[in-house]
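Some notes on the structure that comes next.
The chain is numbered in sequence order, starting from 1.
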Amino acid sequence: MKPVGIISGTIPLQGEDVFSDLRETNVETRFGSALVFISEAIVFIPRHGMEVQHSIPPHRINHQANLAALRDVGAEEIIGINSTGSLKSNIVPGMIVIPDDYISLSGVPTIFHDKVAHITPSLNEPLRQMLIHTAGRLGIPAYEKGVYWQTSGPRLETRAEIRLMSQFADIIGMTMASEATIADEMGLSYAAICSVDNYAHGLVDKPLAVETIIEGARKNARTILKIINSYTRDERNG
């Protein structure tokens, strides 16, 4: 059985469960090199790199190389694990969202530079349903639909921007739409597990800080791990 490709960032997963027996390698692709951790069950890419003091900011991530590396080592299903902010007061930090659509109005990368190619981007519905089923079987509450709005980063959003975005989307982040688009262009199945780690700027009175986002991601890591472990070890084999 082919390994599951997993891309994660702020949420700390390395050294835990299916992430505990990985060998590190650099995979060269025509888009550049990607740092990849490989086992029999999964192929893992830390989208921001491994150096805490020199992490790759969202607008500098080489999504083309990351997805090409996962494809080249045999992964056909890709799960993005994304730290997000809530745009709705009823979607509270600590929740999990399995988005079914996304908005990204600027700066979306592509693998097509020397020919005209138009895809109709989407998240893979069969893979999405499998993640929803896995969460449900484990008793983990998850929003089964939601619209993800991607901004380019690295700055956070203004209060006015959040007021606009909250009319059309449910969660906000800086990476998922780019990964989903590139995966579609490469013929890979992509779905995401979004950890809601904070309220977006202005949604509550307390000012938003990066430390709040990181702390929220750490708290949600165990829940994410349960879903990934069960999916890679049980659902795909059963």
Rounded at 0.5 Å granularity, tell me how far [atom1] in [X] sits from [atom2] in [Y].
{"X": "Met174", "Y": "Leu156", "atom1": "CE", "atom2": "CG", "value": "5.0 Å"}
{"X": "Leu67", "Y": "Asp72", "atom1": "CG", "atom2": "CG", "value": "10.5 Å"}
{"X": "Tyr231", "Y": "Ile193", "atom1": "OH", "atom2": "CD1", "value": "10.0 Å"}
{"X": "Ile78", "Y": "Leu70", "atom1": "CD1", "atom2": "CG", "value": "4.5 Å"}
{"X": "His63", "Y": "Ile45", "atom1": "NE2", "atom2": "CD1", "value": "11.0 Å"}
{"X": "Thr181", "Y": "Gln64", "atom1": "OG1", "atom2": "CD", "value": "10.5 Å"}

With side chain to side chain contact (heavy atoms under 4.5 Å, CB included) as the criterion, how do Tyr102 and Leu123 come out once you've worked through the C-alpha distance, each side chain's angles and the decisive distance to 0.1 Å? CA-CA 8 Å; Tyr102 61 86; Leu123 295 161; 4.2 Å; yes
Checking [X] now: which residues fulfil side-chain contact (heavy atoms from CB on, under 4.5 Å) with it, not counting sequence neighbours?
{"X": "Arg155", "result": "Thr158, Glu161"}
{"X": "Asn90", "result": "Lys88, Tyr143"}
{"X": "Thr223", "result": "Ile96, Ile140"}

Between [X] and [Y]: side-chain donor-acceptor atoms closer than 3.5 Å:
{"X": "Asp197", "Y": "Ser195", "result": "yes"}
{"X": "Ser89", "Y": "Tyr199", "result": "no"}
{"X": "Thr151", "Y": "Glu157", "result": "yes"}

Check [X] against [Y] and note the closest heavy-atom contact, atom names and distance.
{"X": "Ala69", "Y": "Ala34", "answer": "CB-CB, 3.7 Å"}
{"X": "Leu87", "Y": "Ala200", "answer": "CD2-CB, 3.9 Å"}
{"X": "Gly32", "Y": "Ala65", "answer": "O-CB, 3.8 Å"}
{"X": "Leu131", "Y": "Ile79", "answer": "CD2-CD1, 3.8 Å"}
{"X": "Pro99", "Y": "Met176", "answer": "CG-SD, 3.7 Å"}

Under a 4.5 Å cut-off applied to non-hydrogen side-chain atoms, are [X] and [Y] in contact?
{"X": "Pro58", "Y": "His48", "answer": "yes"}
{"X": "Lys226", "Y": "Asn229", "answer": "no"}
{"X": "Leu35", "Y": "Pro46", "answer": "yes"}
{"X": "Tyr148", "Y": "Asp101", "answer": "no"}
{"X": "Ile111", "Y": "Phe31", "answer": "yes"}
{"X": "Val147", "Y": "Ile171", "answer": "no"}
{"X": "Leu22", "Y": "Ile42", "answer": "yes"}

Pair Ser86, Leu203 - check side chain to side chain contact (heavy atoms under 4.5 Å, CB included), show working. CA-CA 8 Å; Ser86 170; Leu203 207 64; 4.2 Å; yes
Kindly work out whether a path of hydrophobic side-chain contacts (I/L/V/M/F/W/Y, heavy atoms less than 4.5 Å apart) joins [X] to [Y].
{"X": "Leu164", "Y": "Ile172", "value": "yes"}
{"X": "Val97", "Y": "Ile103", "value": "no"}
{"X": "Val43", "Y": "Met186", "value": "yes"}
{"X": "Met95", "Y": "Trp149", "value": "no"}
{"X": "Leu105", "Y": "Ile162", "value": "yes"}

Which residues pass the side-chain hydrogen bond (donor to acceptor under 3.5 Å, both in side chains) test with [X], sequence neighbours left out?
{"X": "Glu185", "value": "Thr110"}
{"X": "Gln129", "value": "Glu125"}
{"X": "Gln150", "value": "Ser178"}

How are the rings of Phe19 and Phe44 set relative to one another: parallel (under 30°), tilted (30 to 60°) or perpendicular (over 60°)?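 Perpendicular.
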Going through the distances and angles, do Val27 and Val73 end up as a side chain to side chain contact (heavy atoms under 4.5 Å, CB included)? CA-CA 8 Å; Val27 177; Val73 298; 4.0 Å; yes
Could you go through Ile38 and Thr25, starting from their C-alpha distance and side-chain angles, then the distance that decides it, and tell me whether this counts as side chain to side chain contact (heavy atoms under 4.5 Å, CB included)? CA-CA 8 Å; Ile38 301 174; Thr25 186; 3.7 Å; yes
Worked check of side chain to side chain donor-acceptor pair (under 3.5 Å) between Asn82 and Thr175: CA-CA 8 Å; Asn82 302 84; Thr175 55; 3.1 Å; yes
Please check if the side chain of [X] supplies one atom and the backbone of [Y] the other of a donor-acceptor pair under 3.5 Å.
{"X": "Ser230", "Y": "Ile227", "value": "no"}
{"X": "His59", "Y": "Ser152", "value": "no"}
{"X": "Asp100", "Y": "Gly146", "value": "yes"}
{"X": "Asn66", "Y": "Ile7", "value": "no"}
{"X": "Arg23", "Y": "Phe37", "value": "no"}
{"X": "Asn124", "Y": "Ala191", "value": "no"}

Do the side chains of Glu179 and Arg47 get close enough for a salt bridge, i.e. N-O under 4.0 angstrom?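 Yes.
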